[in-house]
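Here the structure is a predicted model, which is why all the values come from computation and not from measurement.
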Amino acid sequence: FQWSSPPEAIERFKSQEIWFPPPQFYELCRLCNFSSLDELHKFSSDRALEGCECWMPVMLSASDGYIQLLPGDELYPEDPDYTGEKKIIMTTDKTVDKLMKEGSIFHRIVIKNINNLAVYVNIQAKYKHMNPLMINSDCSDYNSRL
């Protein structure tokens, strides 16, 4: 086991040395906003009483990958299936690239394959929280639309 800073962990993920699921990738991208543990501690102390939000990612299956939609994304459903009882499956024949080029309001994790994730966020985080840095695990770049 090796201790890594968030940017180092993302680099190790990119090189396929380690793997972690999309929610952890998202949080590591968020932690990249802080250069020290003291800075993170100050941020968390300052916003501690602001509140929290419960998220339910919704998976959209595209023709060549997946997009994990998060609250605030333009494709996020108005009534997500919080319990899993409805068995809602969102699918499209469009490619991930086409969905990204057509979109304008993003809060999502793009999953091309198990080792190729990217976080895209251009909405204001609620409760004075910090958005993740938009980091790709490959060389795709949709930032020009943001």
Just how far is it from atom CD of Q24 to atom CG of L117, taken to the nearest 0.5 Å? 11.0 Å

Donor-acceptor contact below 3.5 Å, side chain [X] vs main chain [Y]:
X	Y	value
E8	S5	yes
S45	K42	no
N131	R30	no
W19	F13	no
S63	K94	yes
H107	P71	yes
Q68	V110	no

Which heavy atom in [X] sits nearest to a heavy atom in [Y], and how many Å separate them?
X	Y	answer
T92	L60	CG2-CD1, 4.1 Å
E39	N33	OE2-O, 3.6 Å
N122	S104	ND2-O, 2.8 Å
I18	A9	CD1-O, 3.6 Å
M100	F106	O-CZ, 3.3 Å
Y120	M134	CA-SD, 3.5 Å

Start with the C-alpha gap between I123 and I105, add the side-chain angles, then the distance that decides, and say whether side chain to side chain contact (heavy atoms under 4.5 Å, CB included) holds. CA-CA 7 Å; I123 63 168; I105 302 171; 3.5 Å; yes

One pair to check against side chain to side chain contact (heavy atoms under 4.5 Å, CB included): L70 and R108. What are the steps and the verdict? CA-CA 6 Å; L70 299 166; R108 57 182 69 169; 5.9 Å; no

